[in-house]
Amino acid sequence: MKVSSREYILGIATAIVMLYGATAIIAKPKIDVRREIKDLQAEAESTIETYKALMAEEEKWSKKFSELRRLLPEHPAEKKMDVYWLQVMDTLASKHAITITKRQTEEEKKEGDVYELPIECRDWEGSLDAVTHFLFELQSEGAMLDIRQLAMKPKENGTLRGSFTLYCAYTRAKQGGPAMVAPAAPTP
């Protein structure tokens with residue numbers, strides 16, 4: 001069998017196309033993996049740079065933490081804190097004519113040596129002026145009281161109604177050690 005030059009060129013062209021196709025099919029997953037690795041490497045380098053910048057400011061953040069830590073009250077290790085913080089919140093609410101009808105403390109959370117107690121107030125009511133003064137006084141308590149979620153809507157009579165979650169921060173004395181006296185709850 002004699003192969004003409006035209007058939008020979010077509011055979012070589014077909015073999016080259018098949019070789020490129022096979023190479024593309026085999027190499028594509030490896031190219032994708034390499035691209036993913038490059039992306040992960042760039043992300044890791046960015047994270048490292050961010051951490052280096054934070055570490056460079058460690059002294060500043062340590063100083064700021066020390067200042068804020070002094071603002072936190074310290075309570076005995078065995079004392080349940082929900083009653084105390086509910087009293088603080090209720091006192092401030094009644095002082096500013098805010099009516100809280102549904103409230104519930106959640107589980108105490110520990111982050112390092114700082115404790116947080118979330119109080120979820122599902123239903124409150126008051127005027128805009130009262131809410132403003134209540135929120136301002138909560139904020140002026142310093143680092144220990146923080147509202148992270150607040151929702152409100154107007155009622156027909158011009159008052160506001162809504163819900164909020166108040167986070168109360170504090171520290172605890174070491175087991176058996178003396179506790180600093182916590183600030184008294186504000187009086188109306």
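Numbering of residues begins at 1 and proceeds along the displayed sequence. All heavy atoms count here, side chains included; hydrogens, waters and symmetry mates do not. Being a predicted model, the structure only gives us computed values, none of them experimental.
Heavy-atom contacts from other residues, nucleotides or ligands closer than 6.0 Å to CD of Glu107 number 12 or fewer. In the displayed structure, Lys102 atom NZ is contacted under 6.0 Å by at most 12 heavy atoms of other residues, nucleotides or ligands. When the shell of 6.0 Å around CZ of Arg35 is examined, it contains 12 or fewer heavy atoms from other residues, nucleotides or ligands.
A salt bridge does not link Glu43 with Lys38: every distance from a Lys NZ or Arg NE/NH1/NH2 to an Asp or Glu carboxylate oxygen is 4.0 Å or more. Comment: Lys155 engages Glu125 in a salt bridge, judged by a side-chain N to carboxylate O separation of less than 4.0 angstrom. A salt bridge is absent between Asp123 and Arg103; no separation between the charged side-chain nitrogens and carboxylate oxygens falls under 4.0 Å. Under 4.0 Å is where a charged nitrogen must lie from a carboxylate oxygen, and between Arg148 and Asp146 at least one such pair does.
Residues Ile48 and Leu40 are members of separate hydrophobic clusters, defined by side-chain heavy-atom contacts under 4.5 angstrom among Ile, Leu, Val, Met, Phe, Trp and Tyr. When hydrophobic clusters are built by joining Ile, Leu, Val, Met, Phe, Trp and Tyr residues whose side-chain heavy atoms come closer than 4.5 Å, directly or via intermediates, Ile25 is not grouped with Ile16.
Between Glu116 and Glu111 the shortest side-chain heavy-atom distance does not fall below 4.5 Å. Two residues are said to be in side-chain contact when any heavy atoms from C-beta on lie closer than 4.5 Å; Met81 and Tyr170 meet this criterion. At a threshold of 4.5 Å between non-hydrogen side-chain atoms, the residues Trp85 and Met144 count as touching. The shortest distance between side-chain heavy atoms of Glu120 and Glu106 falls below 4.5 Å.
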Item to check | Check against side-chain hydrogen bond (donor to acceptor under 3.5 Å, both in side chains), Asn157 and Thr159 | outcome: CA-CA 6 Å; Asn157 63 359; Thr159 61; 2.8 Å; yes
Item to check | From CA spacing to verdict: side-chain contact (heavy atoms from CB on, under 4.5 Å), Leu160, Lys153 | outcome: CA-CA 6 Å; Leu160 297 172; Lys153 62 182 176 183; over 6 Å; no
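Distance check: Ile119 CD1 to Asp90 CG gives 8.0 Å after rounding to the nearest 0.5 Å. Remark: Asp129 CG to His133 NE2 distance equals 5.0 Å, nearest 0.5 Å. Note: Thr132 OG1 to Glu137 CD = 13.0 Å, rounded to the nearest 0.5 Å. Here the CD atom belonging to Glu108 is positioned 6.5 Å from the OH atom belonging to Tyr115, to the nearest 0.5 angstrom. In this structure, the separation between CE on Met89 and CD1 on Ile147 is 9.0 Å, given to the nearest 0.5 Å. Here the SG-CG distance, from Cys168 to Asp82, works out to 10.0 Å after rounding to the nearest 0.5 Å.
Screening Leu135, Leu166, Thr165 for a side-chain contact (heavy atoms from CB on, under 4.5 Å) with Leu150, the sole residue that qualifies is Leu135.
Across Ala93 and Ile100, no two heavy atoms sit closer than the pair CB-CD1, 3.8 Å. The two residues Ala130 and Ala97 have their closest heavy-atom pair at CB-O, 4.2 Å. In terms of heavy-atom proximity, Val114 sits nearest to Ala169 at CG1-CB, 4.4 Å. Between Gly112 and Lys110 the shortest heavy-atom distance is O-CE, 2.8 Å. When all heavy atoms are compared, the tightest approach of His96 to Phe134 is CD2-CA, 3.7 Å.
For Thr171 and Asp113, the side-chain atoms include no donor-acceptor pair closer than 3.5 Å.
Between Trp124 and Phe164, the two ring planes are tilted [angle within 30° to 60°].
Judged by distance alone, with hydrogens and angles left aside, the side-chain atoms of Ser62 form no donor-acceptor pair with the main-chain N or O of Glu59 at under 3.5 Å. Arg172 places a side-chain N or O within donor-acceptor distance of the main-chain N or O of Lys79, the cut-off being under 3.5 Å.
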